[in-house]
Amino acid sequence: MSKSTASGYFTEADSAEVVTARNADAQNERLKQVMEVITRHLHEAVKEIEPTQEEWFEAIQFLTKTGHTCDDWRQEFILLSDVLGVSMLVDAINARRPTGATENTVLGPFHLPNAPVMENGGNICRDGKGEPLYVHGTVKDLNGKPITGARLDVWQANDDGFYDVQQKGIQPDFNLRGIFESDADGAYWFRGVKPRYYPIPHDGPVGQLLGQLGRMPYRPAHLHYIISAEGYDTVTTHIFDPDDPYINSDAVFGVKESLLGKFIQVDDPEKASQLGLENPYWDVEFNITLADHT
Ligand code: BEZ
Ligand code: FE
């Protein structure tokens, strides 16, 4: 132990050790461990950056503005975590799965817990806007056995790039949301609209930061899913459109290769009418593989 750590006096060289030694009596061991790591890395960063007092205060003001931007509907700190790649990293750490199982991605802030439960084939588009899309696939286990009764909670933005909760009074309530159940063959199918890219909320400090970093606020077109079945690991994920202009620059790093769908335009009036869609329509298949819950 160096002299400054033992005395509790602060020096530039021993800064992190002095602070950590002061936390020695913390009751909660996990908190103590987390603070040791945070203190070590934060002090290391400050030593490498050598901020001026003005730069330090700018950082304080940024965090203050981030806090002031939060309300019941807006969580600017989560958005900050998203654009720093931290949300995806935490998700990756907590959703490690065997090869072949469907991968997770970010939940995002627009999920509602009580979407309407619908029959397979139902249309989640409640205002008739947008290019029709037929979504279908299967839910199976890692051995290829169909899973019956899996719950698929799906939601998406409209073709202007807004979720219903962002356009109250403009879009019908629960527009582009529904809960489906896989059938005896593990199959599910529903109708929606072709999604479009949209910006994450970018009129606050996080949007300003992205601008200063030369980054776009856009998320590539996607549909959200939460798939759950008894005895299996719940999957929170998306299907992405690989032809989207922002597919390689998702503002929140949510894209994974295994989650790229194939959006095919179908021009077949008979099939469209069988499905209850206008011709032409888009078709995307998304097959899900669930891993056993461990
Ligand atoms: C979303 O996909 O809904 C989303 C995810 C992260 C931040 C903002 C939106
Ligand atoms: Fe989204």
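Counting convention: from 1, in listed order, for ligands and their atoms alike. Hydrogens, waters and symmetry mates are skipped; everything else that's a heavy atom, side chains included, is used.
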Next on the checklist: Students often mix this up, so state it plainly: with edges at 30° and 60°, are the rings of Trp155 and His111 parallel, tilted or perpendicular?
Outcome noted: tilted

Checklist entry - Do any of the N/O/S atoms of Gln156, backbone or side chain, fall under 2.8 Å from the Fe ion (ligand 2)? => result no

Next on the checklist: Please tell me whether Thr105 and His238 have a donor and an acceptor in their side chains that are separated by less than 3.5 angstrom.
Outcome noted: no

Item to check | Closest protein heavy atom (residue, atom, distance) for atom 7 (C) of ligand 1 | outcome: Asp82 OD2, 3.3 Å

Item to check | Numbered atoms of ligand 1 (with element) below 4.0 Å of Arg219, judged on heavy atoms | outcome: 1 (C), 2 (O), 4 (C), 5 (C)

Checklist entry - About how large, to 10 degrees, is the angle NE2 of His224, then the Fe ion (ligand 2), then NE2 of His222? => result 90°

Checklist entry - Should you measure from each heavy atom of His222, which atoms of ligand 1 turn up under 4.0 Å away? => result 2 (O)

Item to check | Proximal ligand 1 atoms for Ile200, defined as those under 4.0 Å from one of its heavy atoms | outcome: 7 (C), 8 (C)

Next on the checklist: Judged on heavy-atom distance to atom 8 (C) of ligand 1, which of Pro109, Gly108, Ala157 sits nearest?
Outcome noted: Pro109

Next on the checklist: In this structure, does ligand 1 have an atom that sits under 4.0 Å from one of the heavy atoms of His111?
Outcome noted: no

Checklist entry - Going through the distances and angles, do Arg40 and Glu44 end up as a salt bridge (Lys or Arg N to Asp or Glu O under 4.0 Å)? => result CA-CA 6 Å; Arg40 179 155 40 87; Glu44 223 171 71; 5.7 Å; no

Item to check | Under-4.0 Å salt bridge between Lys262 and Asp283 | outcome: no

Next on the checklist: At less than 4.0 angstrom from any non-hydrogen atom of His224, what atoms of ligand 1 do you find?
Outcome noted: 1 (C), 2 (O), 3 (O)

Checklist entry - Among Tyr163, Tyr218, Tyr246, which one satisfies side chain to side chain donor-acceptor pair (under 3.5 Å) with Tyr198? => result Tyr163

Item to check | Electrostatic pair Asp160:Lys129 at N-O distance under 4.0 angstrom | outcome: yes

Next on the checklist: Heavy-atom contact check, 4.0 Å cutoff: does Trp155 meet ligand 1?
Outcome noted: no

Checklist entry - Does the ring-ring contact (aromatic ring centres under 6.0 Å, His included) test come out yes or no for Phe286 and Tyr225, once each step is laid out? => result CA-CA 10 Å; Phe286 184 52; Tyr225 279 70; 5.1 Å; yes

Checklist entry - Parallel, tilted or perpendicular: which describes the rings of His224 and His222, with under 30° parallel and over 60° perpendicular? => result perpendicular

Checklist entry - So which heavy atom in the protein is nearest atom 3 (O) of ligand 1, and how far is it from that ligand atom? => result Tyr198 OH, 2.9 Å

